[in-house]
Amino acid sequence: DIAPIWCDITTKLRVGADVGNAAASVCLMRQLESIAAARQIHFSPSDRRRQRLIDLGVGLGLPTLVMILHVVVQGHRYDILQRVGCIATVYWSYPALFFVTIWPPFLLTLAAAYGALALRLFLARRYQFAKLLESSKS
């Protein structure tokens, strides 16, 4: 093991990146659904600040929390695979399921649900716009 500190850092970042990518998808799809729903025309500074804090909490806070909780369920510091590099280890147990493993599938399912809602809303707006054009004979 030539660089043990490097492996410690990269394994934690990989654990956080798995959750962070899914969390970023949730934030993007949530924003897209909010735009498609057009519930509000004008956003006040407090609304924008609240949205920003929610996005920061989901996008940065959750991956950081999972990286911290990974320490609880790791069997040892890391594994080294030839031609791959350092890999994070997890001692498979119920706490590992709830602390580390469940978050990416859960967040991606949530992002898919927001995406489906946004798609449905966009299609409804398209249908309404087509009806408007049809009724105005343009």
Side-chain angles (χ1 to χ4, degrees):
D1 188 8
I2 311 169
I5 304 298
W6 173 255
C7 285
D8 285 332
I9 293 168
T10 58
T11 54
K12 289 297 175 212
L13 288 178
R14 282 186 183 180
V15 169
D18 290 343
V19 177
N21 287 334
S25 295
V26 169
C27 292
L28 288 171
M29 288 298 141
R30 190 168 107 0
Q31 183 71 26
L32 188 63
E33 190 273 336
S34 174
I35 292 168
R39 290 183 204 97
Q40 284 182 310
I41 302 301
H42 176 70
F43 291 100
S44 68
S46 64
D47 289 337
R48 291 179 194 263
R49 184 173 184 266
R50 185 175 47 84
Q51 293 294 332
R52 195 175 307 125
L53 288 175
I54 290 171
D55 286 343
L56 281 173
V58 172
L60 289 177
L62 191 60
T64 304
L65 178 66
V66 170
M67 286 190 287
I68 292 169
L69 291 175
H70 177 255
V71 174
V72 175
V73 294
Q74 67 184 21
H76 49 282
R77 285 168 58 186
Y78 50 84
D79 287 335
I80 299 177
L81 299 180
Q82 187 176 4
R83 296 190 184 118
V84 175
C86 307
I87 300 295
T89 61
V90 175
Y91 180 75
W92 295 109
S93 60
Y94 286 116
L97 179 69
F98 292 111
F99 288 169
V100 177
T101 311
I102 198 74
W103 290 106
F106 171 73
L107 290 172
L108 289 173
T109 303
L110 188 61
Y114 272 124
L117 285 172
L119 181 64
R120 185 181 66 89
L121 289 167
F122 278 128
L123 290 176
R125 298 282 184 257
R126 180 180 175 199
Y127 179 74
Q128 288 174 352
F129 187 67
K131 284 291 188 186
L132 177 70
L133 289 178
E134 183 180 310
S135 68
S136 67
K137 305 285 189 225
S138 41

S.K.: If hydrophobic clusters are built from ILVMFWY residues whose side chains come within less than 4.5 Å, do Y78 and W6 share one?
M.R.: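 No, it is not one cluster - the side chains of Y78 and W6 are not joined through contacts under 4.5 Å.
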
S.K.: Heavy atoms only: give me the nearest R77-D8 pair and the separation to one decimal.
M.R.: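 Minimum heavy-atom contact is NH2-OD2, 2.6 Å.
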
S.K.: Donor-acceptor pair, T89 side chain versus D79 backbone, under 3.5 Å?
M.R.: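 Not a single qualifying donor-acceptor pair exists.
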
S.K.: Nearest 0.5 Å, please: how far is CG in L65 from CZ in F99?
M.R.: 9.0 Å

S.K.: State yes or no: do V15 and L69 share one hydrophobic cluster built from I, L, V, M, F, W and Y residues joined by side-chain heavy-atom distances below 4.5 Å, directly or via other members?
M.R.: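 Same cluster.
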
S.K.: Looking at CG of L107 and CE of M29, how far apart are the two atoms once the value is rounded to the nearest 0.5 Å?
M.R.: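 It comes to 13.5 Å.
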
S.K.: Is there a path of hydrophobic side-chain contacts, each under 4.5 Å between heavy atoms of I, L, V, M, F, W or Y residues, that connects I68 with V19?
M.R.: no

S.K.: V100 and V73: which non-hydrogen atoms are nearest, and at how many Å?
M.R.: CG2-CG2, 3.7 Å

S.K.: For R30 and V58, what are the C-alpha separation, side-chain angles and deciding distance, and is it a side-chain contact (heavy atoms from CB on, under 4.5 Å)?
M.R.: CA-CA 11 Å; R30 190 168 107 0; V58 172; over 6 Å; no

S.K.: Let me check something: do V26 and L32 share a hydrophobic cluster, defined by ILVMFWY side-chain heavy atoms less than 4.5 Å apart, either directly or through other members?
M.R.: yes

S.K.: Shortest non-hydrogen contact from G20 to P63?
M.R.: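 Closest approach of G20 to P63: CA-CG, 3.5 Å.
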
S.K.: How many angstroms lie between atom CD of Q51 and atom OG of S46, to the nearest 0.5 angstrom?
M.R.: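 Answer for the CD-OG pair, Q51 versus S46, is 10.5 Å.
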
S.K.: Taking D47 first and then R50, would you say they form a salt bridge - that is, a charged N and a carboxylate O separated by under 4.0 Å?
M.R.: yes

S.K.: If you look only at distance, which donor and acceptor atoms sit under 3.5 Å apart when one is on a side chain in residues 109-126 and the other is two or more places apart or in another chain?
M.R.:
from, atom 1, to, atom 2, distance (Å)
T109, OG1, P105, O, 2.7
R125, NH2, A37, O, 2.9

S.K.: Could you tell me the separation between the OG1 atom of T10 and the CD1 atom of I87, rounded to the nearest 0.5 Å?
M.R.: 8.5 Å

S.K.: Determine, step by step, whether H70 and R14 satisfy the side-chain contact (heavy atoms from CB on, under 4.5 Å) criterion, reporting the C-alpha distance in whole Å, the side-chain angles of both residues, the deciding distance to 0.1 Å, and the verdict.
M.R.: CA-CA 11 Å; H70 177 255; R14 282 186 183 180; over 6 Å; no

S.K.: Hey, could you give me the CD/CG distance between E33 and L28, rounded to the nearest 0.5 Å?
M.R.: 13.5 Å

S.K.: Are I5 and L13 co-members of a hydrophobic cluster defined by side-chain heavy atoms under 4.5 Å apart?
M.R.: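 As far as the 4.5 Å side-chain criterion goes, I5 and L13 are connected within one cluster.
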
S.K.: Holding to salt bridge (Lys or Arg N to Asp or Glu O under 4.0 Å), I want the full list of residues that pass it with D18, two or more places apart in sequence or in another chain.
M.R.: none

S.K.: So which heavy atom on W103 is nearest to which on F98, and how close?
M.R.: NE1-O, 3.1 Å

S.K.: Can you name the closest pair of heavy atoms from G59 and C27 and give their distance?
M.R.: N-SG, 4.1 Å

